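Working notes, beginning with the structure itself.
A quick note: this is a predicted structure, and the numbers were derived from the prediction, not measured.
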Amino acid sequence: MDTLQEFLLNKNYTKVKLHLTKTNHFEIKATINGVKGLFILDTGASSSCVGFEAINTFKLNAEDSIIKAAGAGATDMDTKMAKKNKVKIGKWKHNKIALVLFNLTHVNTALINHNSKPVDGIIGADILKKAKAVIDYEKKYLYLKLQNLIDPNLR
């Protein structure tokens, strides 16, 4: 019988190492618009997010948004949107990812207080769904399905 890894790699998945922090979050490296960053993997976050302070870093085209963000002990936070971003995680990439921009200070303060590194943002369920993600909690790997280049819907 195949291991999970063999099974997924045979199904055109790529694997990305996850790092478990002292706060029991998985950290992951990702690239947005060609710039590398550090993110928390959060299956409970509906949208992938980046902090306001990273707008210039990741070359984001920020637009005003009427959506209010809530999460991690904070509610009713103002947000902006940045559409059509190139996101790369390991070998997986997608050229039209919308990101929510909001104040990440409360998240990073909590991380720093627990001797963890601050992050640039959160990779949420939107990207995980697009990538047909599988998380191996035991071995600490994220598997993402590489896109079939023939599929016109993914261009």
Could you go through K29 and L38, starting from their C-alpha distance and side-chain angles, then the distance that decides it, and tell me whether this counts as side-chain contact (heavy atoms from CB on, under 4.5 Å)?
CA-CA 5 Å; K29 292 186 174 95; L38 186 65; 4.3 Å; yes
Could you walk me through whether T43 and I135 satisfy the side-chain contact (heavy atoms from CB on, under 4.5 Å) test, starting with their C-alpha distance in whole Å, then the side-chain angles of each, then the deciding distance to 0.1 Å, before giving a yes or no?
CA-CA 10 Å; T43 59; I135 301 170; 3.6 Å; yes
Set out, in order, the CA-CA distance, both residues' side-chain angles and the distance that settles side-chain contact (heavy atoms from CB on, under 4.5 Å) for V100 and V50, then state yes or no.
CA-CA 6 Å; V100 174; V50 172; over 6 Å; no
Determine whether I123 and I40 satisfy the following criterion, side-chain contact (heavy atoms from CB on, under 4.5 Å), listing intermediate values before the conclusion.
CA-CA 6 Å; I123 300 294; I40 286 175; over 6 Å; no
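The side-chain heavy atoms of H19 and I28, taken from C-beta on, include no pair separated by under 4.5 Å.
A donor-acceptor pair shorter than 3.5 Å can be found between the side chains of T23 and H25. A side-chain donor-acceptor contact under 3.5 Å links D126 and S48.
Salt bridge status for K80 with E63: absent, with no side-chain N to carboxylate O gap under 4.0 Å.
Scanning both residues, A133 and L144, for their nearest heavy atoms gives CB-CD2, 3.7 Å. Considering all non-hydrogen atoms of both residues, K59 and V35 come closest at NZ-CG2, 3.7 Å. The minimum heavy-atom distance linking F58 with K36 is given by the pair CE2-O, 3.9 Å. Taking both residues in full, the closest heavy atoms of L104 and D120 are given as CD1-O, 3.3 Å, listed atom of the first, atom of the second, then distance. Taking each heavy atom of K15 and Y143 in turn, the nearest pair found is CB-CE2, 3.4 Å.
Using modelled atom types, no side-chain atom of K96 and backbone atom of A98 make a donor-acceptor pair closer than 3.5 Å. A donor-acceptor contact shorter than 3.5 Å is absent between the side chain of T31 and the backbone of G34. The closest donor-acceptor contact from the side chain of S116 to the backbone of I112 lies at 3.5 Å or more, if one exists at all. Looking only at distances, a side-chain donor or acceptor of N33 sits under 3.5 Å from a matching main-chain atom of K86. W92 places no side-chain N or O within donor-acceptor distance of the main-chain N or O of T14, the cut-off being under 3.5 Å. Between the side chain of N61 and the main chain of K83, no donor-acceptor pair closer than 3.5 Å is present.
Annotation: K84, atom NZ; neighbour count of heavy atoms from other residues, nucleotides and ligands within 6.0 Å does not exceed 12. Crowding of K130 atom NZ: a count of heavy atoms from other residues, nucleotides or ligands under 6.0 Å exceeding 12. Within 6.0 Å of the NZ atom in K93, the count of heavy atoms belonging to other residues, nucleotides or ligands does not exceed 12. Counting heavy atoms of neighbouring residues, nucleotides and ligands inside a 6.0 Å radius, atom NE2 of H114 does not exceed 12 of them. Surrounding CG of N56 are at most 12 heavy atoms belonging to other residues, nucleotides or ligands under 6.0 Å away.
Checked against the 6.0 Å centroid criterion, the rings of F7 and Y13 do not qualify as a close aromatic pair.
When each of T21, D42, L41, L142 is checked for a side-chain contact (heavy atoms from CB on, under 4.5 Å) with F26, only L41 meets the rule.
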